[in-house]
Amino acid sequence: MDISTNYSGHTTDIELLKTISYPGGGSQQVHLSLTYNNTPRAVAGIEKLAQRYALLFLTELGSVQFDSTIGSIFVPYTIGGNIQTYGAFISTFAIANAEVTNIIRGNIDGLTDDEILESAELVDFNLDKTNATITLQIKLISRAGSTLVFTLPTTTVTV
Amino acid sequence: MTDLSLTSITSEDVTKAKEILINVLKSSEQYKNLDLNAGTVLHDLLLRPSAEILAMAINQFNYLEETKSLQAMVDSGAAIPADAVNSILSNFGVTLYEGSKASGQVMIKVNADKEYTVAANSLFTDSSGLKFFTTDAVTANRRPGTGETTLYPASDGNFYFVVTVIAENEGTNYLLNQGTRLNMEYPMYNFVSAEAYNNFTGADPSDTIQEAIDKLPYSISTRTLDSRTSIRAILTDPDFGNFTSIQDMSVIGAGDAGQLRDKHNAFGVAMFGRVDIYPRTFITPAVTVLSKTGTRIAPNTYEFDISESDAPGFYSIFSITDAESVVAPTFNFNTLTAIGSYRFTEVRSAAGVNGSGHDISQLNELIETAYTIYQKSHVTVYDVMTGAGDTHEFKVELYAAPDIAGIQTYVDSFDVKSVKADILVRSPLMCISGLRMNVEASVSSAVTVDELKNKLADYINRKSFVSKITQAELVGVAYTSDIKTIDLSSDPTVGFKFEGEIRAADGEIKHLYGPNLIIDNIADHNKLVLPSTCIFCTDINHVFINLIKV
């Protein structure tokens, strides 16, 4: 499989975040998808870290059978209508970010410093009530000092 | 077999399976660079589903390992379904003995002299909701016809008849005491009341796997009447005798102590060809209830006979009370008969020996027919103060081992009968025992009186053809429950008390005083009292436990 950057010496994962393996300047909007251009791609390095962060962040905590510690509270709190103010949004992100950071730091087998999360910041966000979409711009800093900013859209589904 | 579904595995199972898969993949040159950490796509789409499937497979494999043999089942300590056990036992042509349900008789009182019919499976319940069903349809009449039962007049002006019921489920909690009030689901017109007519019996627990292993030698033996093993094999095999009630057995052959019939020759020397079989066909003591009409022979004194067919091979009379009484006679530490029974004497004699084909000395008939189907009894009852008529209706409760007549008939049958030996079947001599313990447990302990009584009664009831039961054994059984101390003093009111009585073949009651019951101390082979002829048994109501939580 192609790897856009020379990440020899790294362990690889399959690309899940559409366009994540095209890091460019600024913030790259990404979506969860395994079918981008129908070409399977591998991912490593900080891109893999970003993918992992996004996947864990969007997984509902407790929804994984046999592993109730995986995930974060972000999606259930959002869908559950617990976020009524911007302040509540910020604090919810903070809690979810801490949960994801702990998971990533607790599972670093075979990872290099640029794949280990040092910190994650919420750079910006947008609550689009019309389209029921939340957009988060997140900046990841790896232990190696490399950074990646990506935009993660999530769409809330009304039932 | 365990379920092939995700509900059959746990988080720990999946975690272990993941570790196995990671180790396998990481050790491979081809896959060592895959990132399998939590949160990666490979972890979520490959590793986790594979681990869950592997966990199910490991569970299946472990289950097969645990059930590949009976010994493996015992060693695993897991709860193995009876189906898995029976699938191995089928190789030997046997099945796991499944416990029986409690059964007994119910006295139904009505207020008019009419014909009454109770359908099969009619429901009775006790105050705690336990259910009992009639085993057969019963029609009661003052002048019963064929297949009908008698409607008796009661002393209070009502009438009563008796039906047999069986418990809904297994369990010793279904062992009702005599006199327990019951509700009838659909009472007939004129119904007054229903209550247990006798102490319910049965409720034998199912065999454990270890017990099934212990019985295996009999299942692979030949099916003949030639050896101890083969005798038991032929009697218990479903294709032969099929006497599933047999729990244990002792065979007394030529030259054995307790074999009196092998010396019927001029020299008094033991000769081959005489065998006595003592089958234990129950776990909890089996009680048969007879209705007998006594004839008055003196003021307050009546007599009646128990024929050889009334209760074949019965061991002893437990109690004699008025026919309609349900006084719940209890164990008396000082005599074989129960507190609450009328005083009585009985004289036994031989019956039906001539023409039976069995060698029984006329000079020793009483002993040699003891506890066989060739004994009868003449009973005299004293101090009967209720009623002054020429006749009196009695309820007679006897300890009688089931299937004695059936087994004797089977071994005497033309196709089965040994051409080398004269085989006589006897009920084992029962050491009817009573136990009292004062026990302390902590307040936080979950132990209950019923738990202790069930354990101790079950332990005693499984001791057959052994020379003794010791205090140490019973204490050890009690300590398998969460208790702190047992009062082992000889204090007459609170100390440990364990006593038993054995009725010898001549009618003598031999007492065993604890704390250890040692049959050798009272052995008398001329009266058939030996460890090889005696079994220990107790009724759960004869185990008195005083539990204090401190």
Side-chain angles (χ1 to χ4, degrees), chain A residues 1 3 7-18 20-21 32-36 40-45 47-59 61-72 99-112 114-117, chain B residues 1-66 76-79:
Chain A
M1 293 183 183
I3 298 176
Y7 285 115
S8 62
H10 289 72
T11 55
T12 56
D13 194 11
I14 297 175
E15 182 191 52
L16 179 67
L17 286 186
K18 194 163 89 172
I20 191 60
S21 58
L32 289 166
S33 172
L34 279 171
T35 60
Y36 178 64
R41 299 173 66 83
V43 65
E47 289 82 9
K48 183 174 72 174
L49 174 61
Q51 178 170 281
R52 198 172 166 209
Y53 183 96
L55 199 154
L56 290 168
F57 188 85
L58 295 176
T59 299
L61 185 65
S63 66
V64 177
Q65 194 176 15
F66 306 119
D67 200 343
S68 57
T69 63
I70 294 295
S72 79
E99 290 168 337
V100 172
T101 303
N102 283 337
I103 294 170
I104 291 175
R105 287 180 183 169
N107 291 272
I108 56 173
D109 180 46
L111 300 184
T112 53
D114 63 341
E115 294 174 330
I116 300 173
L117 182 65
Chain B
M1 200 65 89
T2 58
D3 287 333
L4 274 177
S5 71
L6 293 178
T7 56
S8 67
I9 55 177
T10 64
S11 300
E12 288 74 25
D13 295 336
V14 175
T15 302
K16 286 180 188 172
K18 269 191 203 175
E19 288 169 5
I20 294 172
L21 286 174
I22 290 172
N23 286 337
V24 169
L25 291 170
K26 288 295 183 186
S27 64
S28 162
E29 277 297 316
Q30 192 174 4
Y31 303 119
K32 66 179 181 180
N33 289 328
L34 296 181
D35 188 345
L36 300 172
N37 286 296
T40 60
V41 175
L42 287 172
H43 176 278
D44 286 359
L45 296 187
L46 172 66
L47 185 67
R48 185 192 298 142
S50 300
E52 291 172 6
I53 293 171
L54 178 62
M56 281 196 287
I58 290 174
N59 274 2
Q60 289 284 342
F61 175 77
N62 289 338
Y63 180 78
L64 288 172
E65 279 287 297
E66 288 171 359
S76 75

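Here is how names work: the chains are called A, B, and so on, in the same order as the sequence lines, proteins then strands, and each is numbered from 1. Just so you know, these numbers use all the heavy atoms, side chains as well, and skip hydrogens, waters and symmetry mates.
A/Q65 has its side chain out of reach of B/V14: every pair of non-hydrogen atoms, C-beta onward, lies at least 4.5 Å apart. Between A/I104 and A/I116 there is no side-chain heavy-atom pair separated by less than 4.5 Å. A/N107 has its side chain out of reach of B/H43: every pair of non-hydrogen atoms, C-beta onward, lies at least 4.5 Å apart. Considering only heavy atoms from C-beta on, A/K48 stays 4.5 Å or farther from A/T12 through its side chain. By the 4.5 Å heavy-atom criterion applied to side chains, B/I58 and B/I20 are counted as neighbours.
Residue B/E52 touches chain A through its side chain alone, counting heavy-atom pairs closer than 4.5 Å. Neither the backbone nor the side chain of B/D13 has a heavy atom closer than 4.5 Å to any heavy atom of chain A. The contact between A/V64 and chain B is made entirely by side chain atoms (from C-beta outward), counting heavy-atom distances below 4.5 Å. Contacts between B/L46 and chain A at a heavy-atom distance below 4.5 Å are absent for every atom of the residue. In this structure, the portion of B/T10 lying under 4.5 Å from any heavy atom of chain A is its backbone and not its side chain. Proximity to chain B is limited to the side chain of A/L111, based on heavy atoms less than 4.5 angstrom apart. With a 4.5 angstrom heavy-atom cutoff, B/L36 does not touch chain A via any of its atoms.
A salt bridge does not link A/R52 with A/D13: none of the charged nitrogens is closer than 4.0 Å to a carboxylate oxygen.
Contact count versus chain B (heavy atoms, under 4.5 Å) is highest, among A/V100, A/I108, A/I70, for A/I108. In terms of non-hydrogen atom pairs under 4.5 Å with chain B, the most contact-rich of A/D109, A/L56, A/D67 is A/D109.
Side-chain N or O atoms of A/Q51 include one that pairs as donor or acceptor with a backbone N or O of A/I14 at under 3.5 Å.
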